[in-house]
Student: 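Just passing along the structure, written as structure tokens.
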Amino acid sequence: MKDKLTAGALLRIMKGQEVEEPLVQVLVSKKISSRSAETERYRIWASDGDYSITYGILTLPPGKPVEDFSIIKLKKFVKSEISNAKGPQKILLIIDSEIVTPGHQIGVKIGEPVTLTDEIIASETSSTPKVSTSEPPVKQPKSEQSTSLNQSISETRVLNQINALTPYHNKWVIKARVTNKSDMRTWSNSRGEGKLFSFDLMDDSGEIRCTAFRDMADKYFNYLQVDKVYYISKCQLKAANKQFNTLKNEYEMTIGNETIIEECLTDDGHVPQVKYNFVPISALAEKEVGNLVDVIGICKEASEVQTFTSKSTNRELRKREITLVDQSKTSIALTLWGSQADSFDATNNPVVVIKGAKVGEFGGGKNLSTLMSSQIKLNPDIPECHRIKGWYDSEGQYDAMTNLSERVGGVGSFQTAWMSLKEVQDKGLGHSEKGDYFQVKATILLVRSENALYKACPTDDCNKKVVDLENGMYRCEKCCREFPNFKYRLLVSMNIGDFSGNQWVSVFSSEAEKILGKTAQEIGLTMRDDSEAGTAIFQAANFKQFIFKCRAKMENYNDEQRLKIVVVKVDPVNYEEYNGYLCEQIEALMV
DNA sequence: CCCCCCCC
């Protein structure tokens, strides 16, 4: 049957090429308003057998609609573009056409046409129909049933509401917007292994989570897109697992073989968009750890993506930390994970909108973290977004911010972050799981230059010590690779002292570089070429004063417990702040 | 049928 259509004609037309009277099949048509009484207009979904378009506008004489599945000859047509809520939309205006075979004589969709996207139109250079590409196109997945939901719905107009779905009814169709879609994930446990993804659906009655496993996950992952509206039918419902599913619905559902999902061709705006309940950043100080919040903020700063391995799960994790600010003149750190971290683009201080970010705490400061279920949007077209952008551009960018994520350290909430070295000993710091933090103004008394440098894996995010294979190669056990090179890193042991005592501490590369005033690489090369000059670099740090922000933790060493202190940050002494602390101490003595 | 939501 495919030879009844002009294969690839729609792609060639949409690419702007000349095509002589092509034959295409009308898959779905829906009457839309016409500006003239002499004509009727239909929005159609049309196929050339290889490709389909979802936005054809067919002009016909009044009272002569075209049956679905009809083959028509396009005699006069022009490609055009309109803009709608989703941005520019390529359309095909069909001004004159002729029915070659009426739909009832065909009755089926011919071939498996792929929906033409801007990407396909831009990328396909060949004018011949494509056979296969490595990139899976976003096409309508095949379902058991051939009737189109777009068609049947427009005829019968029976829709069910999400909050009325139960496991006891299976004849339903919902029209819902995808508000969120997870990454594809794999699992492996005693009951088996596989892959899955889930997505959240919303209509004006409520919301529900839907999960696709294994082959169903493959079938629908690319097709379903966040923010688009779909007709969905015949999923399996079951009680929602409230432990993991925070959506407001008693049930959740699973895609099965018999499930039908079809993009709604007429997103008329009746299906609501996501609503936010924004919390000002300053108010996050009062939120409890674990709360989910909706936040809007300007991305003032963003780190690069960092990769590391979780010690608890052994999983490779990728994160990006960004700083959000808003009109409350407060900033907070937000951690993005996985693909959300990878794809984040901090160019031009975007407005970041998050639904369902998790409030966390670190070192006494508050922070935010996205979960798999968090929806993140950059510069969405909502009033709050324009308002905050206006604020930031005109004044916010110059304002000083109170940083909620500032680490204040301390063992108990009543403790000051400041501590003398004697207090660190007396208070028995270091017995908590995550270690205890404190800051101290101290003087460097002695720096050990021996073993202060090590040869580390040259990979950007891996600082693991390499094994010198003594054949010109260096092996990193963490990366399981051998390299012809390495980078120098610092791990400096130094004794620091204040009025109350002294303490050995370890200082890693980034902070040691601040103290020594040279990079680890410079010091490493100097040490290699001239050990005396290298040693002098370390000696030069003696008697310098800094604010040391430290983590104290008890460690087992040869069956003996001892306090290990790592300097997590070194700052020059801010005398104003330090004097303030001293004044407080003096006042406390006078009570 | 997943169910991890992480790190300093």
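For the numbers below, each heavy atom of this structure counts, side chains included, while hydrogens, waters and symmetry mates do not. Every chain is numbered from 1, with letters handed out A, B, ... down the list of sequences.
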Student: Side-chain N or O of A:Arg191 less than 4.0 angstrom from OP1 or OP2 on B:dC2?
Tutor: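 Yes, because at least one side-chain N or O of A:Arg191 sits under 4.0 Å from OP1 or OP2 of B:dC2.
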
Student: Let me know the distance between CZ of A:Phe308 and C1' of B:dC4, rounded to the nearest Å.
Tutor: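 Taking CZ of A:Phe308 and C1' of B:dC4, I get 13 Å after rounding.
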
Student: What integer distance in Å separates A:Gln243:CD from B:dC4:C1'?
Tutor: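 Distance, rounded to whole Å: 12 Å.
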
Student: Does A:Tyr437 have A:Lys569 sitting over its ring (NZ/CZ under 6.0 Å from centre, angle to axis within 45°)?
Tutor: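 No.
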
Student: Quickly work out the A:Arg318 CZ to B:dC4 C1' distance and round it to whole Å.
Tutor: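 Interatomic distance, CZ of A:Arg318 to C1' of B:dC4: 14 Å.
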
Student: Among pairs that include at least one residue of residues 544-554 of chain A, which meet salt bridge (Lys or Arg N to Asp or Glu O under 4.0 Å), considering only residues two or more places apart or in two chains?
Tutor: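 Found A:Lys549-A:Asp571.
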
Student: Of the nucleotides B:dC3, B:dC5, B:dC8, which one has an atom closest to the side chain of A:Lys358?
Tutor: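 Output: B:dC5.
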
Student: Assess whether one donor atom and one acceptor atom, taken from the side chain of A:Arg214 and the base of B:dC1, lie less than 3.5 Å apart.
Tutor: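 Indeed, a donor on one side and an acceptor on the other fall under 3.5 Å apart.
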
Student: Want to settle it: does A:Thr186 or A:Glu321 sit nearer the 5' end of DNA chain B, counting the closest nucleotide to each?
Tutor: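 Mapping each residue to its closest nucleotide by heavy atoms, the 5'-most match is A:Thr186.
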
Student: Cation-pi check for A:Phe486 against A:Lys455: NZ or CZ below 6.0 Å from the six-membered ring centre and within 45 degrees of the axis, yes or no?
Tutor: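 Verdict for A:Phe486: a cation-pi partner in A:Lys455.
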
Student: Ignoring hydrogens and angles, does a donor from either the side chain of A:Glu252 or the base of B:dC3 sit under 3.5 Å from an acceptor on the other?
Tutor: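 Answer yes: a donor N or O sits under 3.5 Å from an acceptor.
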
Student: For a quick check of understanding: with a heavy-atom distance under 4.0 Å over all strands, which category does A:Ser374 fall into, base, sugar-phosphate or nothing?
Tutor: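 Nothing, no nucleic acid heavy atom in range.
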
Student: Would you kindly give the NZ-to-P distance between A:Lys238 and B:dC3, to the nearest whole Å?
Tutor: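 The answer, rounded to whole Å, is 12 Å.
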
Student: Under the ring-ring contact (aromatic ring centres under 6.0 Å, His included) definition, can you give me all pairs with a residue in residues 302-357 of chain A, not counting sequence neighbours?
Tutor: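 ring-ring contact (aromatic ring centres under 6.0 Å, His included) check on residues 302-357 of chain A returns no pairs.
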
Student: Would you check if A:Phe244 stacks with the base of B:dC3, given a 5.5 Å centroid limit and a 30° plane limit, both strict?
Tutor: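 Yes, the aromatic ring of A:Phe244 stacks with the base.
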
Student: One thing to verify: whether A:Arg562 and A:Glu560 come together as a salt bridge, which I'm taking to mean a side-chain N less than 4.0 angstrom from a carboxylate O.
Tutor: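 Salt bridge: no.
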
Student: In whole Å, I'd like the distance from the CE atom of A:Met372 to the P atom of B:dC6.
Tutor: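 Distance check: A:Met372 CE to B:dC6 P gives 12 Å.
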
Student: Does A:Asn189 have a side-chain nitrogen or oxygen under 4.0 Å from the phosphate oxygens OP1 or OP2 of B:dC2?
Tutor: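 Answer is yes, contact under 4.0 Å.
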
Student: Write down the distance between CZ (A:Phe362) and C1' (B:dC6), rounded to a whole number of angstrom.
Tutor: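 After rounding, the reported distance stands at 13 Å.
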
Student: Roughly, in whole Å, what's the span from NZ in A:Lys553 to C1' in B:dC8?
Tutor: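 One finds 14 Å between C1' of B:dC8 and NZ of A:Lys553, rounded.
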
Student: When you get a sec, tell me which of B:dC6, B:dC8, B:dC3 is the closest nucleotide to the side chain of A:Trp187?
Tutor: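 Between B:dC6, B:dC8, B:dC3, the one nearest the side chain of A:Trp187 would be B:dC3.
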
Student: Can you measure A:Met253 atom CE to B:dC3 atom P for me and round it to whole angstrom units?
Tutor: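 Going from A:Met253 (CE) to B:dC3 (P), I get 21 Å.
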
Student: A:Phe213 stacking on B:dC2: centroids under 5.5 Å, ring planes under 30°?
Tutor: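 Check failed, A:Phe213 does not stack on base of B:dC2.
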
